[in-house]
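Note sheet for the following structure.
From a predicted model like this one, the values you see are computed outputs, not experimental measurements. First listed ligand is number 1; within each ligand, the first listed atom is number 1.
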Amino acid sequence: MIANPVIITAVLLLVQPGALAFLILSRNSMTHQEITASAILQKTAEVCKARAEQQGQNFVTPNPLTAESLAAACSSPQSARNFRSAISEVANRNAWVDARRFGVSEFHVDDESILEGRDVITRGVDVVKANIQQQNFETARERLGETMHTLQDFYSHSNWIELGNRSPFTSLIRPDVPIDNIADRNTPTCRSCVDDNCTGNILESIITERKLTTGYTSQFNPFKPNGKCSHGGAFDLTSRFEPTGGINKDGISSEHGDLHRQAAGVAVSATSDLLEDIRVSAGDNDFLRLMGISQTFNVLCIVIDTSESMADDIVEVRRITSFIIDSKKGTTDEPSDYILVPFNDPDFGPLTRTTDAEEFKRQINAISPAGGGTDNAEMSLSGLWLALAGAPPRSEIFVFTDAEPKDVELRSTVLALIESTKSTVNFLLTNARSTRRRLSNPLNQIYQDLADASGGQAIEVTKDTLSQATSIVEDTSSSALVKLFFAVRSPAKAENFSILVDSSVTNLTIYITGISPAFTITSPSGLSQSSTEANGTLGTIQTVGNFQTVRPNNQNPTGLWQISVSSTQPYSVKVTGQSVIDFSFDVVEVFLIPHPGYTVLASRPQTTAGGNISVVLSVTGGDSVKLTEAAAVETMGTETIVGSLEELGNGEYLVTFGTAPRGSFGIRVTGQSNSTGSSQISFQRYSSTQLRTSNVSVTAVANETWTPGTTFSLPFTVETSQSGGSFSITVRNNRLYNMTFPSSLVIGNRGRANGTVTLTAPSDTPSGTDVTLTIVATDPGASDFNYAVLRLSVVAGVGPAMSLSLSLWFIMIVSFLNQILHL
Ligand SMILES: *[C@@H]1O[C@H](CO)[C@@H](O)[C@H](O)[C@H]1NC(C)=O
Ligand SMILES: *[C@@H]1O[C@H](CO)[C@@H](O)[C@H](O)[C@H]1NC(C)=O
Ligand SMILES: *[C@@H]1O[C@H](CO)[C@@H](O)[C@H](O)[C@H]1NC(C)=O
Ligand SMILES: *[C@@H]1O[C@H](CO)[C@@H](O)[C@H](O)[C@H]1NC(C)=O
Ligand SMILES: *[C@@H]1O[C@H](CO)[C@@H](O)[C@H](O)[C@H]1NC(C)=O
Ligand SMILES: *[C@@H]1O[C@H](CO)[C@@H](O)[C@H](O)[C@H]1NC(C)=O
Ligand SMILES: *[C@@H]1O[C@H](CO)[C@@H](O)[C@H](O)[C@H]1NC(C)=O
Ligand SMILES: *[C@@H]1O[C@H](CO)[C@@H](O)[C@H](O)[C@H]1NC(C)=O
Ligand SMILES: *[C@@H]1O[C@H](CO)[C@@H](O)[C@H](O)[C@H]1NC(C)=O
Ligand SMILES: *[C@@H]1O[C@H](CO)[C@@H](O)[C@H](O)[C@H]1NC(C)=O
């Protein structure tokens, strides 16, 4: 289960080959991720049951309990995908603590830091509650994962289990209860183990006096107070000195591995208690939203240019959003959240997010086109950036404008958020050139690039024809949308594409974006239709501006489809459908010490010599869905690199690529499912988001939480594996707080440099506000960049001093009440 806080260096990673221990580890021992998932499933089942009973419905807890089975039992089967993502987000952030909070004992309850660990936990719970109150569920999940890590570590690293306890230590989640039975610094707690046998190494006096203790640990420093227990394990230097050995229960082969199962079991119960505490504070509905379970979960996110020339476009946006709201009402495709971001020049924002469809309609109706400055350029990227920062991950975002961006310098910052949120951006651009000239408007190139990177489309139409293109907004606001294919050819190149469509897919739709490409589509049964036939044997082809939509008539399109394209202009091909089988992915960094694990990277993977690129995939669609291959596929070409696939259990896979395509690439997965009927089906899916590697790295590790009215200081490090020079630094935060940061950093060849960002939250910031911060570092030739994306929380009264004084107040009040009652 649980890790020893150690420094993971690239050097150690390189000399310790074989990250294969994941499988072995997950078979025999329970990991932090499994403990977390298990507690979330249990508690969520309880909440669903309570809600069902309240509504007078019968609830049967499914067995086995999985994200899919529980979402279905919770009468929200279409939530399975989001529920699974929510569990992964919490569990991955939990694992992140091992990689990023190394050497800080209170986060792991090492070195007898039980009181400090309790502070970490209770402060963390306060932050989670405040974030939920502000409906910042994504940030709440991150903080929840971090908090659970410390709580779970207590059961592995302390002697709670050795004391015979088989239920949680409730004082750990209650700031108000004193913990007074911790062995003091001068009290010896262990004797040396006999050879490798550590059974009974905790002193009898500690057991009989029921004193609490934990192991000491360090990778570099052998010293510990006299007679104290160590954590143990190969990387704990303190465990080699008297008293030798250790007491951790991280896995079954740990020093106290015979108690691993018990420790993990109690950690599950303790995690469940922590979730109950959050549930009571948040209420059942918000608790379920935190877990990604809601009757519907589509987000309708509109970013709109409000300058004077947009009057007609705004009318169309009103029409299409009203149409979607009215036609999807009461269906599983009804949007759950509505996000609106206006922009013109020089203004952009604010972002408004509501769950109330009528309120959203009112906001859209209230937009009145005005201003926009004298040039024909608007703050479109700033508006898009706010939307990416504020929308849930994997949202579909629509940008309406007729102007080029005035804020082109935000290009890499926007790409950073596209890649890390995995949201898809579609542009509806009404500055198309006269179609007779058959040329794309060159001003739109940056929109084209951003659309391509996100797996979306840049649609160029005239103001008159916009209403024919907005069907894309309707098509993509479906709860089960999946990508079956995506490729971009820029420069243009004639090519035949094959697309595998499985029997779970409905509503197959083919989009081809480009100025007048000639294409022929051939169905599995051999029927063909060319781009010149608007209504043919296969189906209908609608063309508006640079955007063609092919909708096959055939209701059962299973098999291999061929799309043959020839074009003189750049084009993209995207194929979507609706299906329960889908996947999501995270780029991760694998570490091996002190035990194999991974942490999700919010940056581009690095291409250091000999290094691997690792990706964790999470597959939805039920237990019978299995992946057989995962590949990195070049977006602009045909280079395909097949990764090695390791099943981690629970629908998750670790994919390792020895190298990556040179340019941008997407992830393609191939697999099988036995779920539909008796026959086995083969399926293929593509990621929306296109990735890139980088020779630059940006790392920032912070406390993530600060208080209104104060200045937060965030150190970061930029490193390059290539030649040095002056790297330019761009930092943005979505609350537009005042910031300071260095505009450039000078770095030596294959060197690194440090910088600091400071940002100040105004004193009237509501508690629970989250802040998305991006730090982008661009190399001297402006050919390569990398970034760090962080979600920070501003919470009132979470400083350690504050929580201490609050709990003191509480104790004083309790003892005062006790006195009164005893009179
Ligand atoms: C890269 O991955 C391969 C296969 O998974 C593994 O054998 C190799 O040791 C890894 N290399 C590094 C440097 O981690
Ligand atoms: C380890 O030590 C304990 C107590 O000293 C003893 O009961 C046990 O048999 C030993 N185990 C092994 C495998 O030697
Ligand atoms: C596409 O397939 C057709 C028919 O098989 C073939 O004639 C054509 O040369 C192919 N085009 C390309 C670019 O491979
Ligand atoms: C998808 O298919 C269903 C039934 O097969 C149909 O009712 C629905 O209208 C289709 N949706 C779209 C966007 O075409
Ligand atoms: C396509 O043709 C069929 C049969 O001729 C007709 O029923 C249908 O309405 C046409 N569809 C469109 C979109 O024109
Ligand atoms: C599907 O069924 C076949 C034959 O029964 C079996 O060999 C295969 O492993 C199954 N696949 C999955 C993904 O369960
Ligand atoms: C990283 O450096 C290598 C070696 O110089 C180069 O081939 C590669 O293109 C660089 N990658 C990026 C993203 O610039
Ligand atoms: C985080 O906060 C702790 C005290 O709560 C402090 O000791 C530590 O230096 C802080 N770390 C960073 C990176 O700000
Ligand atoms: C930023 O700083 C300026 C000057 O100190 C101040 O007037 C302004 O209110 C600050 N803005 C915010 C959002 O804190
Ligand atoms: C950057 O900061 C780290 C710790 O935060 C420190 O170890 C390192 O020496 C610093 N590097 C430089 C070049 O200042």
Side-chain angles (χ1 to χ4, degrees), residues 5-11 99-104 159 162 190-204 206-207 219-220 229 232 243-247 249 252-260 485 487-489 491-499 512 514 517-524 526-531 560-568 570-571 573 636-638 696-704 712-721 724-727 729 741-742 744-758 775 777 788 790:
V6 295
I7 293 182
I8 297 113
T9 66
V11 180
R100 293 287 183 267
R101 296 278 192 229
F102 44 77
V104 191
N159 65 336
E162 287 83 347
C190 264
R191 66 171 65 85
S192 283
C193 300
V194 181
D195 301 326
D196 281 343
N197 184 349
C198 286
T199 305
N201 63 338
I202 297 176
L203 298 178
E204 284 74 18
I206 297 295
I207 305 285
Q219 196 186 353
F220 302 110
C229 303
T244 60
I247 63 166
K249 295 155 284 294
I252 55 160
S253 46
S254 299
E255 277 79 355
H256 281 190
D258 54 329
L259 294 173
H260 166 74
F485 186 77
V488 178
R489 293 297 175 261
K493 176 174 172 288
E495 199 161 325
N496 293 332
F497 303 97
S498 299
I499 291 110
I512 298 176
F519 59 87
T520 304
I521 296 181
T522 309
S523 76
L527 296 176
S528 274
Q529 185 170 341
S530 84
S531 44
L560 206 57
W561 288 67
Q562 304 284 347
I563 304 177
S564 170
V565 187
S566 77
S567 174
T568 56
Y571 64 91
V573 178
M636 302 278 182
T638 51
V696 181
S697 82
V698 181
T699 45
V701 178
N703 279 336
E704 267 100 19
F712 179 76
S713 175
L714 173 69
F716 66 95
T717 304
V718 180
E719 193 172 351
T720 175
S721 61
S726 179
F727 284 63
I729 307 296
F741 58 89
S744 66
L745 287 176
V746 176
I747 306 178
N749 292 345
R750 283 170 288 286
R752 59 169 74 182
N754 292 340
T756 302
V757 180
T758 67
I775 305 174
L790 291 92

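- Ligand 10 has no N or O atom lying under 3.5 Å from any N or O atom of R752, backbone or side chain.
- Closest to atom 14 (O) of ligand 3, if we only count protein heavy atoms, is N496 ND2, 3.5 Å.
- Closest of all the heavy-atom pairs between A492 and T568 is CB-C, 3.7 Å.
- The nearest protein heavy atom to atom 4 (C) of ligand 3 is not closer than 4.0 Å.
- Polar contact with ligand 2: absent for T199 (N/O pair, distance under 3.5 Å).
- Here the protein heavy atom with the shortest distance to atom 10 (C) of ligand 2 is N197 ND2, 2.3 Å.
- Under the 4.0 angstrom criterion, atom 7 (O) of ligand 2 counts as lacking any protein heavy-atom contact.
- Counting protein heavy atoms only, atom 11 (N) of ligand 10 is closest to N754 ND2, 2.9 Å.
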Decide yes or no on side-chain contact (heavy atoms from CB on, under 4.5 Å) for I499 and L560, but give the supporting numbers first. CA-CA 6 Å; I499 291 110; L560 206 57; over 6 Å; no

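- A donor-acceptor contact closer than 3.5 angstrom links the side chains of S528 and T522.
- Residue-environment remark: CG (N197) exceeds the threshold of 12 foreign heavy atoms within 6.0 Å.
- Taking atom 13 (C) of ligand 3 as the reference point, the nearest protein heavy-atom neighbour is A494 O, 3.5 Å.
- No more than 12 heavy-atom neighbours from other residues, nucleotides or ligands sit within 6.0 angstrom of CG on D195.
- Judged by distance alone, the side chains of H256 and N159 never bring a donor and an acceptor atom under 3.5 Å apart.
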